[in-house]
Amino acid sequence: MRDSGIERGAAAPRFRYGAPAVTVAAGRPAARWACGGTTLDLAVPRVMGVVNVTPDSFFDGGRFFDRGRALDHARALRADGADVIDIGGESTRPGAHPVSTAEELARILPLVDALASEGVLVSVDTMKPEVMREAVAAGAAIVNDVRALRESRALAAVAATGAGVCLMHMQGEPRTMQADPVYGDVVREVREFLVERATACVAAGIARERIAIDPGIGFGKTVAHNLALLRQLGDLAATGYPVLVGVSRKSTIGALTGQAAPDRLAGSVAAALAAVARGARIVRAHDVRATVDALRVWLAIEESDA
Ligand code: 8Y4
């Protein structure tokens, strides 16, 4: 039980959000995420809006590289209903240029600072311990690491703060991860990896309540792997850690719809709803307004009992 991270006999009904009788070791449902001075109530699904401050980001193509425009975009996402703004200064796109710590900090810190001082719950998308420390010092409440704090010193960097952390699964390295992803049992392997990383966090002094986990849709996975992970997301939710999912505009949506990235809105929203229906508590999205509207309608239906 302890090794798998799954509490048996607590299977969630398939299409009911918020109901899973899932427990953590302490025996309480994971309905909160401790993020610095803020605790995000996960009784309702939350939306993390994406702001890239990279000249080579996968979709935005540098549109928000300009600092003022990035700030305007982040504020617009907030107004659209984003609960968290995720700021990234280094693209994880295959073939993207690596960025120095100094450059990454120069890109993101002014934004982190401005948004945090406006009361926005800021997440920083980074793999670098130094960037984690500086961003949290500038007001970021969440560290979102696609490498799940595997960089040496990353565990200690986050432990030294009170920030929440999102641990994401990735097979391989960004440059080559999509070449030929292979798994025996993708859902089991991803779950075991994430529970192992969460356990390492706790051992390093990061409280359990600060941890969220993420299957890393598209990170070293085929379309079939991504669909299996989404369909069986309940297995991840059953670990007791809040589950965050990012599917927005990703290539799996393109593969299923035949649409290019700018035209993946409907597919992305459908995937977000399916993920939340299976126990995801936070969805990472580019199109925040549409995602929030869809979640509101879906939640109203789920919660209506007349
Ligand atoms: C179009 C637009 C196609 C964007 C692909 C993409 C995740 C993440 C990314 C995720 C968490 C991306 C930083 C990839 N994805 N963080 N980051 N979870 N926690 N690609 O799924 O959005 S970047």
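In what follows, every heavy atom counts, from backbone to side chain, and hydrogens, waters and symmetry copies are set aside. Counting starts at 1 for both ligands and their atoms, following the listed order.
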- Should Asn144 be counted as touching ligand 1, given the test is an N or O pair under 3.5 Å? yes

Close side-chain approach of [X] and [Y], heavy atoms under 4.5 Å:
| X | Y | result |
| --- | --- | --- |
| Arg249 | Asp287 | yes |
| Asp145 | Glu151 | no |
| Val84 | Arg46 | no |

- Looking at Ile142, Val283, Asp214, Leu167, the heavy atom closest to atom 18 (N) of ligand 1 belongs to Asp214

- Task: Nearest heavy atom to atom 21 (O) of ligand 1 wins, so pick from Arg264, Lys250, Arg284.
- Result: Lys250

Examine the proximity of ligand 1 to [X] and report which part, side chain or backbone, both or neither, has a heavy atom under 4.0 Å away.
| X | result |
| --- | --- |
| Val245 | neither |
| Leu244 | side chain |
| Thr92 | side chain |

- Going by heavy atoms, is Ala261 under 4.0 Å from ligand 1? no

- Message: Over 60° means perpendicular and under 30° means parallel, so tell me whether Phe193 and His169 are parallel, tilted or perpendicular.
- Response: perpendicular

- Taking the hydrophobic residues Ile, Leu, Val, Met, Phe, Trp and Tyr, and joining any pair whose side-chain heavy atoms are under 4.5 Å apart, which ones share a cluster with Leu227? Val223, Leu256

- Candidates Val247, Thr252, Ile217 - the one meeting side chain to side chain contact (heavy atoms under 4.5 Å, CB included) with Leu229: Ile217

